2 protein chains.
Amino acid sequence: MHEVIKRIPLFSGLEEGMVNKISEFCRLRIFNKGDIIFFESEPYRGFYAVVSGLVKVYKISRDGREHIIHIIAPFNTFAEVPLLENLDKITDDDFRYPACSMAIEDNTKVVLVPANEFRDILKNDLNISLRMLSGLAKRLRHLNHHIEELTLKDVTKRTAAFLISVYENTSSNSKLKGSTISLSVNRSDMAAYLGTAIETLSRTLSRLQAEGIIEVTGKKIFIKNAYKLKEISLS
Amino acid sequence: MHEVIKRIPLFSGLEEGMVNKISEFCRLRIFNKGDIIFFESEPYRGFYAVVSGLVKVYKISRDGREHIIHIIAPFNTFAEVPLLENLDKITDDDFRYPACSMAIEDNTKVVLVPANEFRDILKNDLNISLRMLSGLAKRLRHLNHHIEELTLKDVTKRTAAFLISVYENTSSNSKLKGSTISLSVNRSDMAAYLGTAIETLSRTLSRLQAEGIIEVTGKKIFIKNAYKLKEISLS
DNA sequence: TATGTCCATTGATTTAAATCAAATTACACG
DNA sequence: CGTGTAATTTGATTTAAATCAATGGACATA
């Protein structure tokens, strides 16, 4: 657990003693694809850090439609809000998870950081508190961007932006002559993240392919014209 | 300025010495309706706290459509993200505002909290850092909720939810037999916040009126059936 | 190699909301 | 108190995307 904790940016660089202290009360949990990590409005236990695999944080509407708010990659944390919102409160009674989360890859490993134990540390450690601030700020920026996309751009632009972001976060030396990206999510999750229907996403990808900008082969997508794709995403 | 700073929750309850120290480098600025407080991608100076009046934080799309991300009421802060995202950085070069903001009432008073000066305090004060964490967490929850509304609910439900939230935040003792709420924003801003067009919002209000749930008179709206309105917002 | 299940694609149709256009109302200012 | 301008409402039409429906793989398992 010690080694795992040290790799999470929120905790990395802390002195050994503190890492040990935190490691003591954290718990490693392993989930398979489709397993629920927590339900919305379930009593709050603490926040999580993804160690390996992939997690989605999402909301379900009354009529069953799903929207994915975040896709959490390894070494990122999620579900800190209930912990931080009311640091003064003594107990966690009545705190609940504000969304659902689910593992979307097999053998997804996450660390549960229990709320009460961590709060005691946080309230006495400026260092950790500042790290959490940075983390939340990044999350906030991401959400702002997500809202901007959803409200000001159509499905084609959002799809292009999503592909470009995967493309740009993929370290590859052959980008100039195009390269293949490998989507970590299936169509259904991608659509739920982009705020559209599976069919619409499928059509959008087909259209981009017909225009010679990408080449789709299941979860592998060959970016033939990154420049044009970026142009679409920004238009 | 001292008295103003003390009323901002982020700073209230701090010891006098600290309040004085912060007051020294903050600057009071006054804007009229329609005045820009900052543009998107303008160099970052620091964050703001609204003292009186009303401020909107918004994004503009390429084709000129506007979406309001936040409406900031007195004693709340905004634009902290660039400051917090990179607390390590020594200078603020290359930090920019990620959205625009504008006063939407005359005589809107805001306090500018300059980034560099405040960062020095923040990095040495656990108390303030914890308060900022709570503030950001609340903001995060609000944004999550906003995304949920935008993606999982139609215009009628979003409108109902907006009216209900104004209604519930209005202290009134006559709620049982219905009461009048006074919208602080015009149709255009309300539409931009709800992620719809002015005409669609107007039609939606008309429909709710035709159904006997509300009674519209410009910015005054009489809530005839709060129960039904809430029911719509939750459906 | 067949078979069932899941997932993705394609086609047809519907629908909510945007856009375009006009009329009406509110409102600021001389 | 009119007059012009902006804000709002109402009407007609278009459009992007959702939904409904069917088909077409891919893949695992028997």
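Quantities reported herein were computed from a predicted structural model and do not represent experimental measurements. The chains referred to below are lettered A, B, ... by the order of the sequence lines, with proteins before strands, and numbering in each begins at 1.
A salt bridge does not link Glu66(B) to Lys59(B): none of the charged side-chain nitrogens sits closer than 4.0 Å to a carboxylate oxygen. Between Glu42(B) and Arg96(B) no salt bridge is recorded (no basic side-chain N to carboxylate O distance below 4.0 Å).
The side chain of Thr200(B) lies closest to dA18(C) when the candidates are dA18(D), dA18(C), dT9(C). Of the candidate nucleotides dT10(C), dT19(C), dT8(D), dT10(C) has the atom nearest to the side chain of Ser206(A). Here dT9(C) is the nucleotide among dT8(D), dA18(D), dT9(C) with the atom lying nearest to any side-chain atom of Ser202(A). Side-chain proximity of Arg187(B) to dT8(D), dA16(C), dT19(D): nearest is dT8(D). Residue Val216(A) has its side chain nearest to dT9(C) when only dT9(D), dT9(C), dT19(D) are considered.
Using modelled atom types, one finds no donor on one side chain facing an acceptor on the other under 3.5 Å when comparing Glu148(B) with Thr151(B).
Using the six-membered ring where Trp is involved, Phe78(A) and Tyr48(A) have ring planes that are parallel, under 30° apart on the 30 and 60° scheme. Between His67(A) and His146(A), the two ring planes are tilted [angle within 30° to 60°].
A rotation axis mapping the C1' atoms of four pairs onto the next four is fitted at both ends of the helix from dT1(C)-dA30(D) to dG30(C)-dC1(D) over five pairs, and the angle between these axes is 40° to 10 degrees.
Atom CG of Leu205(A) and atom P of dA17(D) are 14 Å apart (whole Å).
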Please tabulate the protein-to-nucleotide N/O contacts below 3.5 Å involving nucleotides 20-27 of chain D, giving atom names and distances.
residue, atom, partner, partner atom, Å
dC20(D), N4, Glu199(A), OE2, 3.2

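Nearest heavy-atom pair across Ile72(B) and His70(B) is CD1-CB, 3.6 Å.
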Apply side chain to side chain donor-acceptor pair (under 3.5 Å) to the pair Ser61(B) and Asp63(B), showing each step before the final yes or no.
CA-CA 5 Å; Ser61(B) 73; Asp63(B) 60 347; 2.3 Å; yes

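Stacking of Lys56(B) on the aromatic ring of Tyr58(B) is recorded, both the 6.0 Å distance cut-off and the 45° axial limit being met.
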